[in-house]
Amino acid sequence: MKHYLLKPCNESNIVEALKDVVKEKQNEEEAESYMKLMEEEVTKNTVSEKEEILKQFFLYQQVTDDLKEKMKSLIEEVYPSERFYFCTIYIDSLLTYDHITDVIESIQIQLNESKAIITFIENKIIMMMSTSIPEEEVNLLITCLLQPHEHEYSIVSTPPFAKENIDKIPKLDEMIQQLFYQPTYTVINHQSWLSFHEHLSADLEIDLEKIMFYLKKQQQQQAMQYLQNFINKLKRHRISPKVTRVYFIQIYLLLMTRHSQYTTENRVQAIGGELEDLQHLTEYVEFFENLFNRMIEQVEHPKKYSQVVKQMLQSIDEQIENSELSLQWLATNCLYMNADYLGKTFKKEIGQRFSSYVTNARINKAVEIIEEEQDIKVFELAERLGFGNNPQYFSQLFKRMKGFTPSEIIRSNERD
């Protein structure tokens with residue numbers, strides 16, 4: 001006891017002593033509260049650091065030695081004597097940052113388990129958990145949290161790992177690839193993982209001329225059935241989703257080349273903004289079904305252009321090999337009209353800028369020339385299509401738009 005009340009003492013002495021005791025008590029409580037707060041912050045920072053290590057481990061295609069050591073230390077700390085596994089939740093729609101963190105927080109609260117580390121990359125939630133947390137329990141929890149919000153999602157769980165086999169942990173895209181041949185909502189445990197093949201066999205070929213024949217005859221159902229039969233073969237042969245995506249992009253681009261007189265689609269946008277990001281085979285089926293609809297519509301009702309745009313399209317076709325071809329050159333040498341007016345009119349009716357259209361037309365023309373003249377050299381193609389003495393730029397542009405280089409097509413034709 002810090003304060004001694006000596007007899008005799010008066011009332012004011014007692015009040016002062018009590019005030020001192022209360023003040024000391026408050027200071028102790030504040031100090032204790034502060035220490036507790038600091039402990040929580042340290043714990044929070046430690047948890048956050050673990051989540052960041054987990055995120056980086058799956059974010060980068062190539063894991064550095066430093067990151068691998070951090071991951072090993074994390075495993076040593078959290079799972080020193082037990083096995084762990086990963087569960088990835090792929091949500092079909094992109095959520096806001098606040099929404100996805102709310103979902104993660106809810107999972108953490110429900111699990112109430114220090115053996116779970118959770119982070120996210122875009123619309124993919126990654127959970128690292130002890131095998132003491134059963135997959136069934138996690139799947140049920142995720143269903144309870146996401147279904148009421150009507151999110152379409154899929155769950156992929158890995159086999160269990162020990163700290164000694166960290167090199168066997170699959171990459172994030174390997175986990176997501178397991179969804180490719182599945183319905184848009186599915187749950188995949190490690191026993192049902194598929195192994196994929198990287199090469200297309202000889203019987204996995206598609207006759208694009210047959211598809212074009214059906215579309216010109218307005219027989220969309222037959223075109224889709226033919227494509228679906230091909231897709232079923234891909235599924236049966238378990239062709240790698242990466243290979244299948246490239247093949248679908250090639251099919252799309254070649255169809256657009258053969259349909260070029262009707263279509264004004266922005267192919268770069270279709271590939272970069274849609275085709276490369278589809279995660280399920282069923283989404284590609286839907287993409288081509290919509291594409292076939294548009295193609296039939298364009299054949300039935302070809303778009304009517306103004307006379308000036310028709311002249312521009314004709315001039316592009318005639319001058320496609322002219323390295324000086326530009327909007328200004330066309331306005332000055334062919335149409336004798338204001339270049340700004342021509343550019344705005346062309347963009348309004350065609351749906352893309354003049355320069356983009358010319359680039360598309362040149363690359364499509366390159367594909368036609370390769371198919372007709374199989375022994376042509378890349379530098380000759382570049383010169384003939386207005387790229388002058390810059391075959392490297394031509395090849396880069398070609399690959400960005402077609403998904404493969406002109407040399408690869410030429411070599412492919414030689415093998416055939």
Side-chain angles (χ1 to χ4, degrees), residues 90 92-93 152 154 176-186 188 194 196-303 351 360 363-364 367-368 371 401-404 409 412 416:
Y90 173 78
D92 281 359
S93 55
E152 288 192 352
S154 297
I176 299 301
Q177 279 184 47
Q178 289 298 320
L179 303 173
F180 190 77
Y181 289 108
Q182 305 298 335
T184 50
Y185 165 72
T186 191
I188 301 174
L194 297 176
F196 297 117
H197 304 290
E198 297 294 326
H199 302 289
L200 293 172
S201 56
D203 64 326
L204 285 175
E205 292 183 356
I206 190 166
D207 186 350
L208 295 179
E209 295 301 334
K210 184 172 285 190
I211 292 180
M212 287 302 302
F213 173 81
Y214 287 136
L215 294 177
K216 287 176 181 176
K217 295 287 185 179
Q218 301 175 27
Q219 297 173 338
Q220 184 193 355
Q221 188 174 352
Q222 287 88 333
M224 277 306 302
Q225 186 59 57
Y226 180 74
L227 181 65
Q228 187 65 62
N229 291 339
F230 170 75
I231 288 172
N232 290 340
K233 287 183 183 179
L234 294 175
K235 186 175 182 178
R236 193 163 56 249
H237 285 71
R238 294 184 181 179
I239 301 301
S240 162
K242 285 185 177 179
V243 174
T244 301
R245 277 194 191 91
V246 171
Y247 205 78
F248 281 145
I249 289 171
Q250 292 178 7
I251 290 172
Y252 168 73
L253 288 169
L254 290 170
L255 282 174
M256 291 297 93
T257 299
R258 286 162 172 74
H259 194 70
S260 58
Q261 70 269 35
Y262 300 110
T263 188
T264 60
E265 292 205 6
N266 188 330
R267 300 165 201 194
V268 176
Q269 184 179 347
I271 295 168
E274 185 170 4
L275 276 171
E276 285 185 341
D277 296 330
L278 300 181
Q279 297 296 340
H280 298 277
L281 189 64
T282 51
E283 294 175 319
Y284 282 95
V285 173
E286 184 179 345
F287 173 86
F288 279 103
E289 194 166 18
N290 292 334
L291 176 66
F292 290 173
N293 264 330
R294 293 197 302 274
M295 291 174 72
I296 288 175
E297 178 69 21
Q298 287 162 356
V299 171
E300 283 184 317
H301 308 288
K303 193 167 181 179
N360 276 326
I363 299 301
N364 289 334
V367 174
E368 291 177 17
E371 290 178 349
M401 295 180 64
K402 297 295 185 185
F404 41 87
I409 303 182
S412 175
D416 294 343

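Starting from 1, each residue takes its place in the sequence as its number.
- Of the N and O atoms on the side chains of Q225 and N229, at least one donor lies less than 3.5 Å from an acceptor on the other residue.
- A search for ring pair (Phe, Tyr, Trp, His ring centres under 6.0 Å) contacts involving Y247 returns F230, not counting sequence neighbours.
- The NZ atom of K233 sits 9.5 Å away from the CD atom of E205 when rounded to the nearest 0.5 Å.
- Taking each heavy atom of Y214 and Y226 in turn, the nearest pair found is CE1-CB, 4.3 Å.
- The CD1 atom of I251 lies 5.5 Å from the CZ atom of F288; values are rounded to the nearest 0.5 Å.
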Open item on the list: Determine whether V285 and M224 satisfy the following criterion, side-chain contact (heavy atoms from CB on, under 4.5 Å), listing intermediate values before the conclusion.
Closed with: CA-CA 8 Å; V285 173; M224 277 306 302; 3.8 Å; yes
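- Considering all non-hydrogen atoms of both residues, M295 and L255 come closest at CE-O, 4.3 Å.
- In this structure, NZ in K210 is found 13.0 Å from CG in L227, a value given to the nearest 0.5 Å.
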Open item on the list: One pair to check against side-chain contact (heavy atoms from CB on, under 4.5 Å): Y252 and Y284. What are the steps and the verdict?
Closed with: CA-CA 11 Å; Y252 168 73; Y284 282 95; over 6 Å; no
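- For the residue pair S240 and F196, the shortest heavy atom distance occurs at CA-CB, 3.7 Å.
- Put simply, NE2 on H197 and NE2 on H237 are 8.5 Å apart, with the number rounded to the nearest 0.5 Å.
- Ring centroids of F248 and F287 are separated by 6.0 Å or more, keeping the two rings apart.
- At least one side-chain heavy atom of I211 sits less than 4.5 Å from a side-chain heavy atom of F292.
- Considering every non-hydrogen atom in both Y185 and S154, the closest pair reads CA-OG, 3.7 Å.
- With rounding to the nearest 0.5 Å, the separation of CD in Q221 from CD in Q228 is 12.0 Å.
- One distance of note links CD1 of I231 with CD1 of I206; it measures 7.5 Å at 0.5 Å rounding.
- Atom CD of E286 has 12 or fewer neighbouring heavy atoms from other residues, nucleotides or ligands inside a 6.0 Å radius.
- Closest heavy-atom contact between I296 and L215: CG1-O, 3.8 Å.
- A search for ring pair (Phe, Tyr, Trp, His ring centres under 6.0 Å) contacts involving Y181 returns nothing, not counting sequence neighbours.
- Looking only at distances, no side-chain donor or acceptor of Q182 sits under 3.5 Å from a matching main-chain atom of H280.
- Under the side-chain contact (heavy atoms from CB on, under 4.5 Å) criterion, Q279 pairs with Y90, I176, R245, E283, sequence neighbours left out.
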